[in-house]
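Dropping the structure in here first, questions after.
When a ligand or atom number is given, it counts from 1 through the structure's own listing order.
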Amino acid sequence: MASKVLLTGGAGYIGSHTALEFLLAGYEVVVVDDLSNSSEKAIERVEKLADKSVRFERLNVCDGEAMRKLLTEVGAVDAIVHFAGFKAVGESVQKPVEYYRNNLDSALVVCEAAKEFNIPKIVFSSSATVYGLAERVPLVETSPTGGCTNPYGWTKYMIEQILRDFAKATPSLSVTLLRYFNPIGAHPSGEIGEDPLGIPNNLAPFVCQVAVGRRPKLNVFGNDYPTPDGTGVRDYIHVVDLAKGHVAACDHAKPGVKVYNLGTGRGYSVLELVETFKRVNNVDVPYEIVDRRPGDVAICFADATLAREELGWTAQYGLDEMCRDAYNWQKKNPNGYRD
Ligand code: UD1
């Protein structure tokens, strides 16, 4: 019988791409999502792409009773992959209590569910943000953590700790903490992709909206960083590669806690990304250099060796494909899933 995975937040950007990769790898997929920042259409398209069905339940993971009811119905689950959470960095500064309440409560419900239903594996959607204002790059999994610059980052940090403590008390449990670098791009089909509400905070969706004329220009936050062209350097990773990292994590999970960076190991500057986007898509992206954005670091990229050695996972796509697929999705779905 196929292994069954439960994806919380499985209708969102990374969750939907991961649902697809699990289906393609032969898993049965159950998605829970409250659709507060996602669309059921993403699930329908995942089903079409995989030619398989997903069991979808609209619920908030913080609702322990609803989760219990669902888990009673669906039978043995092999792994919970926990994506659900608030994720806007700026908003988390304005609404810290809401962020702590939502993100920590949902993680605690995941732990309670794993305990009550004997679910052997938890995979958590963590972030390079847990490294805070890192002093040295590339970041390795043993680099210091903490010193996060916003409540969103602290929720990731705290949930990692909660899961470590839970694993310590539950020797049969496997916990994998996946620290994402900068996921961008979309499925090459252009059927699923990133659909931010309102003005995008992150670089790639903003560039896409400028390229299709939804916004007049990109603001480049600072060109006086100690980097080759002065703009910030990040480790962008194709969302399909990232999604596959979750399947590899489930396939290789053993009791105990494991932490993996999911990045390409290569950094690109803001201007390199913009120039690549223009070249591969043959489109203009007007931009202006403005002040630095508070809280931004100059350079952040991963050492992704551990994931390669232990999970047999490496990123396959380069920046060209990331930019091509991001734009393809944006052109096919100028208003995201809201068409
Ligand atoms: C941010 C968050 C990180 C979170 C990630 C995904 C911070 C400090 N970090 O990462 O915690 O996990 O998003 O949501 O907020 N840039 C521009 N113009 C723009 C947007 C971005 O020049 O309009 C630049 C930034 O200064 C940065 C790079 O592009 O150098 C990438 O920015 P972004 O996509 O927001 O990601 P991070 O800041 O790396």
Quick note, ring-ring contact (aromatic ring centres under 6.0 Å, His included) partners involving residues 10-69, not counting sequence neighbours, are Y13-H17, F22-Y27

Do the side-chain N and O atoms of E98 and N102 include a donor-acceptor pair separated by under 3.5 angstrom?
-> no

Salt-bridged, R45 to E47, with N to O below 4.0 Å?
-> no

Identify, chain by chain and in numerical order, each protein residue with a heavy atom under 4.0 Å from an atom of ligand 1.
->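 Protein residues near ligand 1 are V89, S127, T129, Y152, N182, N201, N202, L203, L218, N219, V220, F221, G232, R234, Y236, V270, R293, G295, D296.
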
Would E112 and R68 pass as an ion pair if we require N to O under 4.0 Å?
-> no

SB check E73 R55 (cutoff 4.0 Å) | yes

Below 4.0 angstrom, N of the basic side chain to O of the carboxylate: do D241 and K244 qualify?
-> no

